[in-house]
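Comments concern the structure below.
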Amino acid sequence: MLQPSSLESVLSNRRWVRRSAPFAHVAATGVFEPRFYAELERAFRELLERGLSVAPSAERFSQSSAAYDAYVYDLAKCRDGALGIFMSRAWHDMLASVTGVVATGDVGGALHHHEPGGPNGVIHCDLNAAWFVDRHDANGINASDSSACDYCSGKTRLDSARPRETVRAAAMLFYLCNGPWRPNDGGATGLYARGNDDVRRPQRAIEPIDNSLVAFACTPSSFHTFMANRTPRNSVIMWLHQPKEAAVARWGARAVEPWP
Amino acid sequence: MNGKVCLLTGAGGLLGSAFCARFASAYIIAGVYRTRVPLAGAEGESFFDPLDPQAPLVENDDRVFRINADLTDDRDLDRVVELVLARYDRIDVLVNGAARMTHASILDAERFFAELSAQLELNAAVPAKLAALIARRFWSTRGPENARLNRCVVNVSSVTSLRVHPGVHLAAYGASKAALNQLTAFMADEFRAFSVRANTLAPTSFPAIVAVEDVVEAIGRLIESDRNGELVVLE
C-alpha cells in the first residue's frame, strides 16, 4: 500500500488549480510522473483487454445497469497494482484535503469505459447515500464491497453484515487511456451552474485528457454529467464519504438525492 | 511594470499551461487559447500544492491575461497583437506553442491533404505571421531597445521535423514543423536587422519521453540566452 512519501514520488504536477465556477472544483493535468502514469495505463488496458460484458461480471468491465451505458470495473479489486494508489490512505487524505471535506475512510469507485457513441448523461450532483460494511484495512480505508452489501441500498447479502449509511462527500475523475484528444471527440465532463441547464452547454467542460483529473466536494449544486463521446473514453471514478448525520446537518435531509 | 511581456500561443495545452505555471511569476504572460482554457491563474482560479494545499504559492501573485482567439483567422491575429500592445505597451517575447497534430496516412489522400493544409497553416504559417505582425507594428523601429531587452521569438517545433518515426503517419505534422524550422532560421536572419532573436526548440514527445517541465525550462533558457537562428533539439 502506498504511503504519503510514495505520493510525493509519483505526483508530477504540484500546481493544481482551484476554481470557483460553476461550482468549487479542482483540476490538474500531468498528474503523475510519466513512468507511473504508464503503469496506470498498462493496468487499465490489461483489464480492458479481457473484453466487455453486458451481463454483470466480476472479472471484466461490465454494464452495471441498463440505464447507464458505461462498462465499469470495481476499483476495490485493483488494490494490489498501480491503480491501488486510488484506494490508498495517502490518496484518500489528499483528496479530502484538496476538496475540503471531512471523510470517513469509506471509498467507492470504479474504472469506467465508454464505447464510442455514448449519449449525454443526466445532470446530477452526486450527493447520494452510500452504504458500507465495516471492513477497514490496516490504514483505515474501508472499500465498498458489493458482496457484503449493496452500495446504493444497503441491502445485505450476508446475515452477519451490519450496513452503515453514509453520504458521498467528494468525487474524483481521473482520465487515462484516451490517447490524443480533440474537441470533436467528446467525452468531456460537463460542469453546470444549475440542474436544469442545457446538457450540451456546460459552463465548463473538463476534457478527458490523459493523466488529468477533476475533483470536487459533493454538494446540492455540484451539477455535472458525462458528455456524448465519439471515441472511446476511459476514466477512474471514485468517491469519498461522510457520515449521514454530517451531510443532513449541513444540507438537510431532502438535499440527499435518491438513486434513480 | 517589471518583467518581460510574453505573448504565448497554445496557452491552454499541456505545454502552455506548464509554461504559465512556471513563468507567471517571472514574466507578464498574455496567453492565447482557442478551445482549452489555460490551466493558469485567472479570475476565480488559484494554484495550490495538492500535498500542502494551504501553503502560499508565488504563482498566485500573478495572473495570465487570457485571450480567446482562432489563430488561423488573420483578423484574430491582428486582434491579439492589438490587445497585448494596448494592455502592456510592448511585447518582449513571442512563444509560438500552438500546434495541430493529427495522424493521417498519405494514402488516405482526401483526409491527408486537408490535414497537411491545416497543419502547415497553424504550425508554420501562423507563427511566422504573428512574428511578422509584431515586427511590423512594434519591433522593427526599436533596434536598440530590442537589444537592451533581449527581445526574441521561440518557436516550438518537434523532432518529427528532423526524422521519420515509422508507422505513426505524422507526415503532415513533420512537414509542417520542418517548414517552421526553416521559417525560423530565415526569420532570425531578417530580424537581426532590428536585434530580435529567433530560435527553434525541437523536443521529442512530451510528456511520454521528456517531461513537459523540461520542455518549458528549455524554452526559458532560449528566452534568456543570446542565441539566434539556432535549432535546439531536446530528447
Side-chain angles (χ1 to χ4, degrees), chain A residues 4-38 41 90-91 93-100 172 179-185 188 191 202-215, chain B residues 12-25 33-55 57-60 62-64 70 99-104 115 118 168-170 173 204-216:
Chain A
S5 60
S6 303
L7 270 192
E8 286 190 19
S9 66
V10 296
L11 279 182
S12 174
N13 179 3
R14 296 284 294 271
R15 295 294 181 268
W16 294 17
V17 176
R18 180 174 285 112
R19 299 198 190 98
S20 56
F23 57 84
H25 65 279
V26 301
T29 56
V31 173
F32 294 109
E33 292 289 347
R35 282 184 191 172
F36 186 74
Y37 175 71
E41 278 225 355
W91 191 263
D93 292 352
M94 183 196 70
L95 191 55
S97 171
V98 303
T99 54
M172 183 215 75
W181 184 88
R182 293 165 298 180
N184 281 344
D185 291 341
L191 308 185
Q203 188 165 328
R204 181 177 290 277
I206 305 294
E207 300 155 352
I209 295 170
D210 284 348
N211 202 13
S212 71
L213 65 74
V214 62
Chain B
L14 279 179
L15 181 65
S17 292
F19 184 90
C20 292
R22 170 65 178 83
F23 288 118
S25 58
Y33 71 101
R34 184 175 183 189
T35 52
R36 286 186 282 188
V37 180
L39 279 177
E43 292 303 315
E45 296 184 352
S46 61
F47 290 107
F48 67 96
D49 180 345
L51 297 182
D52 190 3
Q54 304 306 320
L57 298 179
V58 293
E59 287 89 338
N60 290 324
D62 306 280
R63 290 290 180 266
V64 173
D70 176 1
R100 177 186 179 103
M101 183 183 79
T102 302
H103 301 258
E115 269 304 321
V168 296
H169 301 309
L170 284 174
Y173 183 70
T204 188
S205 177
F206 57 87
I209 300 176
V210 295
V212 66
E213 290 78 11
D214 292 341
V215 182
V216 165

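Each chain gets a letter, A, B and so on, in the order the sequences are listed, and its residues count up from 1.
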Problem - Contacting region of A:Asn211 [heavy-atom separation from chain B under 4.5 Å] - result: neither
Handout entry: Engaged part of A:Ile209 at the chain B interface, taking heavy atoms whose separation is under 4.5 Å
Key =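 The side chain, not the backbone.
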Work out which heavy atom in [X] is nearest to a heavy atom in [Y]; give both atom names and the distance.
{"X": "A:Val98", "Y": "B:Pro53", "answer": "CG1-CG, 4.1 Å"}
{"X": "B:Pro50", "Y": "A:Leu11", "answer": "CG-CD1, 4.1 Å"}
{"X": "A:Ser12", "Y": "B:Glu213", "answer": "OG-OE2, 4.0 Å"}

Fill in the blank from the handout: Output for pair (B:Phe47 CZ, A:Arg18 CZ), nearest 0.5 Å, gives 12.0 Å
Handout entry: Value rounded to 0.5 Å, distance of CD in A:Glu8 from CG in B:Leu51
Key =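 Spacing of CD (A:Glu8) from CG (B:Leu51) equals 5.5 Å.
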